[in-house]
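Proteins come first, then strands; the chains are lettered A, B, ... in the order of their sequence lines, and each starts at number 1. Every heavy atom of this structure was used, including side-chain atoms; hydrogens, water molecules and symmetry mates were not.
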Protein chains: 2
Amino acid sequence: MDKSKVSMAVVRRLPRYYRYILELSDAGVDRVSSSSLAEKMGLTASQIRQDLNCFGGFGQQGYGYNVANLTQELASILGLDQGRKAIIIGAGNMGRALINNFNFRKCGVALTCAFDTETSLIGAHINGVLVRHVDELDGFQKQYKPEIAVLTMPKSAAQRMGERLCKNGIKGLWNFTTVDLHLEGIDVPVENVRFMESLMILSYRL
Amino acid sequence: MDKSKVSMAVVRRLPRYYRYILELSDAGVDRVSSSSLAEKMGLTASQIRQDLNCFGGFGQQGYGYNVANLTQELASILGLDQGRKAIIIGAGNMGRALINNFNFRKCGVALTCAFDTETSLIGAHINGVLVRHVDELDGFQKQYKPEIAVLTMPKSAAQRMGERLCKNGIKGLWNFTTVDLHLEGIDVPVENVRFMESLMILSYRL
DNA sequence: TAGATTGTTAATCGATTAACAATC
DNA sequence: TAGATTGTTAATCGATTAACAATC
């Protein structure tokens, strides 16, 4: 199926498929049927087959899915094998927490540089990642062409920074600020991480 | 409408409605129509009216919605006015980042205590929050009856800890670990925060 | 071959959008 | 009153589930 026709409902399930299949792979399991995977994941076998078939026939009748093969296919679908480069804008608390703890590599992404405006941070290394001044951003983008920018700066600067990053050729924004970015006419996907919305939804469900 | 019949699709939009309406409120706007709100948010007016009407008729024909009133209604629907208490299990990097930076109060939640097993942390205060040993957890729950537990401990301990928290009366789990909690037969909502899935989805969309 | 399980089509279910009467 | 905009029903659209022929 044409990638552009796959619904976001399906796409949002892919990383979870990947996590489960990777777990099976690590456990040394070599094949799995849609029905056994469905039971583990709390989905229907039908949905799993429908979802995977958006991207190709990875299974085999009478056998199921080869775990090693499916792992690799899912990684490829998700683009985890693309060796992408990321930069992070804002080395405050949230930024540092990500730099120190988040496993970018597991997503196939290399965090190559951090940017900030705070003079005391410039030149420092955080978990091996150099902090540069935001003034160097445009030049850095031209030279190294990172695909992904992580937005962990104050929300007041987010909209302008998003536009600037796009103008210099960023391919996707991972937005930890609370603002909705408006990038009309610019074809750059934005993925938001919203702690506060998440906690409010939990609060509703209590 | 009966709260249990409101679909999660609707519920997941509520915090965003709240954010926008709060912004209008802060800007001193006193009324808003579904169509103007729809335009700002990139939704249809129809959807906004349908969504809000799951909870009551907050608008007025020919006028629209009173911003102050709707703000208060949404806060109440989300339970932000319930003065709930939260504890956090795991004062490692993720835990400390939340304690130091996340605004629990904006969600109407008071973070009352942190728990860990690391001796060097016990007794310390992080941003005013005392770290106790996990051995004190059961007693603490009995005495203070926190409604929400934030899970920021190693994933290997998450399942057991989830069960233990529920047995002692927790009402909801905010799960930052990468595991899916299985709490069959226990009616405690779990809200997952999944950085890695979020970045993988962005990676897919590039 | 017989059994298992996929890939895929058709049926069902749920969510979104459109339309409009009610009413402020 | 006339204009605006809701609340709500009906129509459409999309996603999930069920069913089964294909096939390993």
| query | Is the shortest distance from a Lys or Arg side-chain nitrogen in Arg96(A) or Asp116(A) to a carboxylate oxygen in the other one below 4.0 Å? | reply |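 Not counted as a salt bridge, because no side-chain N and carboxylate O are separated by less than 4.0 Å.
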| task | Would you check, one step at a time, whether the test salt bridge (Lys or Arg N to Asp or Glu O under 4.0 Å) holds for Arg205(A) with Glu191(B)? | result | CA-CA 9 Å; Arg205(A) 300 207 286 149; Glu191(B) 186 67 24; 3.3 Å; yes
| message | So if I take residues 40-48 of chain A and measure heavy-atom distances to DNA chain C, which residues fall below 4.0 Å? | response |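 Nothing qualifies; none.
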| field | Residues within residues 61-68 of chain B bordering DNA chain C, heavy-atom distance below 4.0 Å | value |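 Those residues whose heavy atoms fall under 4.0 Å from DNA chain C, taken from residues 61-68 of chain B in numerical order, are Gln61(B), Gly62(B).
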| field | Residues Arg164(B), Asp138(B); criterion salt bridge (Lys or Arg N to Asp or Glu O under 4.0 Å); working and verdict | value | CA-CA 8 Å; Arg164(B) 177 173 169 187; Asp138(B) 302 14; 2.8 Å; yes
| said: Reading DNA chain D from 5' onward, which residue's closest nucleotide shows up sooner: Met8(A) or Gly57(B)? | reply: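 Here Gly57(B) is the residue nearer the 5' end.
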| task | Write out the stems for DNA chain C, ordered by first number and formatted as range with range, counting runs of at least 3 consecutive Watson-Crick or G-U wobble pairs under 3.5 Å. | result |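 Stems found: C:3-24 with D:3-24.
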| message | Aromatic contact between Phe104(A) and Phe102(A), with the criterion being ring centroids under 6.0 Å apart: yes or no? | response |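 Yes.
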| query | Can you tell me if CG on Asp187(B) sees more than 12 non-hydrogen neighbours from other groups inside 6.0 Å? | reply |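 It does not: Asp187(B) CG has 12 such atoms or fewer within range.
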| request: Using side-chain contact (heavy atoms from CB on, under 4.5 Å) as the criterion, list what pairs up with Val29(B), not counting sequence neighbours. | output: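 Counting only residues at least two positions away or on another chain, Val29(B) forms a side-chain contact (heavy atoms from CB on, under 4.5 Å) with Leu24(B), Ala27(B), Val67(B).
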| message | Classify the ring geometry of Phe176(A) against Trp174(A): parallel below 30°, tilted from 30° to 60°, perpendicular beyond 60°. | response |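 Answer is perpendicular, since the angle exceeds 60°.
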| task | Using a 4.0 Å heavy-atom cut-off across all strands, classify Ser35(B) as base, sugar-phosphate, or nothing. | result |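 No contact.
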| task | Mind running salt bridge (Lys or Arg N to Asp or Glu O under 4.0 Å) on Glu197(A) and Arg19(B) for me, showing each step along the way? | result | CA-CA 9 Å; Glu197(A) 295 192 3; Arg19(B) 175 156 54 87; 3.1 Å; yes
| message | Going by side chain to side chain donor-acceptor pair (under 3.5 Å), name the residues that satisfy it together with Tyr204(B), two or more places apart in sequence or in a different chain. | response |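 With sequence neighbours excluded, Tyr204(B) shows a side chain to side chain donor-acceptor pair (under 3.5 Å) to no residue whatsoever.
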| query | Do Asn100(A) and Asn93(B) have a side chain donor and acceptor closer than 3.5 Å? | reply |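 Side chains of Asn100(A) and Asn93(B): no pair found under 3.5 Å.
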| query | Using a heavy-atom cut-off of 4.0 Å to chain B, what are the terminal contacting nucleotides of DNA chain D, in 5' to 3' order? | reply |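 Reading along DNA chain D, I get dA4(D) to dA10(D).
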| field | Arg31(B) charged N/C atom sitting above Tyr63(B) aromatic ring, 6.0 Å / 45° | value |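 Pair Arg31(B)/Tyr63(B) counts as cation-pi.
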| Counting distance only, does the side-chain N/O of Gln60(B) pair as donor-acceptor with the main-chain N or O of Tyr65(B) below 3.5 Å? |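 Not confirmed, Gln60(B) side chain does not pair with Tyr65(B) backbone.
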| said: Nearest 0.5 angstrom please: Thr178(B) OG1 to Lys106(A) NZ, how far? | reply: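 Nearest 0.5 Å value for the OG1-NZ distance: 6.0 Å.
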